[in-house]
Undergrad: 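Have a look at the structure that comes next, please.
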Amino acid sequence: MQLTLGMLRSISTLCLSALLFVACATETRYQPAEGPGDYGYREQRIESDRWRVAFRGNSMTELESVEQALLYRAAELTLEQGFAWFRIVD
């Protein structure tokens with residue numbers, strides 16, 4: 001069977017659609033959120049030794065994954081700032 005240009009375009013479009021669907025059907029990765037509506041973690045310094053950490057996941061992100069990401073980012077910030085421990089306030 002010989003593939004025509006139209007068949008190749010159709011196959012390419014189908015493959016790209018499948019990749020986009022798979023990408024949307026996975027939970028949010030641990031990554032910094034770049035823009036206001038992006039998924040991932042953010043932090044905001046409140047005082048010299050206090051930070052607010054947030055994580056925004058998509059509809060596929062389970063609560064347990066969000067909680068783990070928050071704890072992980074809090075631990076990273078703690079070490080980056082030269083501290084040995086952190087406390088969750090709220």
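Note that the structure is a prediction, hence the values are computed from the model and not measured. In this chain, numbering begins with 1 at the start of the sequence shown.
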Undergrad: Give me the atom names and distance for the closest heavy-atom approach of Glu62 to Glu27.
TA: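 Smallest heavy-atom distance, with atoms named: N-OE1, 3.8 Å.
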Undergrad: Under 6.0 Å from the CZ atom of Arg29, do we count more than 12 heavy atoms belonging to anything else shown?
TA: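 12 or below, so no.
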Undergrad: Give, for atom OH of Tyr30 and atom CG of Leu70, the distance between the pair rounded to the nearest 0.5 Å.
TA: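 Going from OH on Tyr30 over to CG on Leu70, the span is 9.0 Å.
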Undergrad: Could you state whether Phe55 and Met60 fall into the same hydrophobic cluster, counting links through intermediate Ile, Leu, Val, Met, Phe, Trp or Tyr residues with side-chain heavy atoms under 4.5 angstrom apart?
TA: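 Unlinked, Phe55 and Met60 end up in two clusters.
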Undergrad: Does any part of the side chain of Glu43, heavy atoms only, come nearer than 4.5 Å to the side chain of Glu76, both counted from C-beta?
TA: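 Not in contact.
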Undergrad: Could you list who else is in Phe83's hydrophobic cluster, with ILVMFWY side chains joined at under 4.5 Å, directly or through other members?
TA: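 Besides Phe83, the cluster holds no residue at all.
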Undergrad: Roughly how far, to the nearest 0.5 Å, is the CZ atom of Arg56 from the OG1 atom of Thr28?
TA: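 Rounded to the nearest 0.5 Å, the OG1-CZ separation comes out at 8.5 Å.
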Undergrad: Once you round to the nearest 0.5 Å, how far does OH of Tyr39 lie from OG1 of Thr61?
TA: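 Interatomic distance, Tyr39 OH to Thr61 OG1, rounded to 0.5 Å: 8.0 Å.
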Undergrad: Got a donor-acceptor contact below 3.5 angstrom from the Arg42 side chain to the Pro36 backbone?
TA: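 Yes.
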Undergrad: Once you round to the nearest 0.5 Å, how far does CD of Gln31 lie from CZ of Arg73?
TA: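 Here the interatomic distance stands at 12.5 Å.
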Undergrad: Return yes when atom CD of Glu80 has more than 12 non-hydrogen atoms of other residues, nucleotides or ligands closer than 6.0 Å, and no otherwise.
TA: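 Enclosed.
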Undergrad: Which ILVMFWY residues are connected to Leu71, directly or by a chain of links, through side-chain heavy atoms under 4.5 Å apart?
TA: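 Via sub-4.5 Å side-chain contacts, Leu71 links to Phe86, Ile88.
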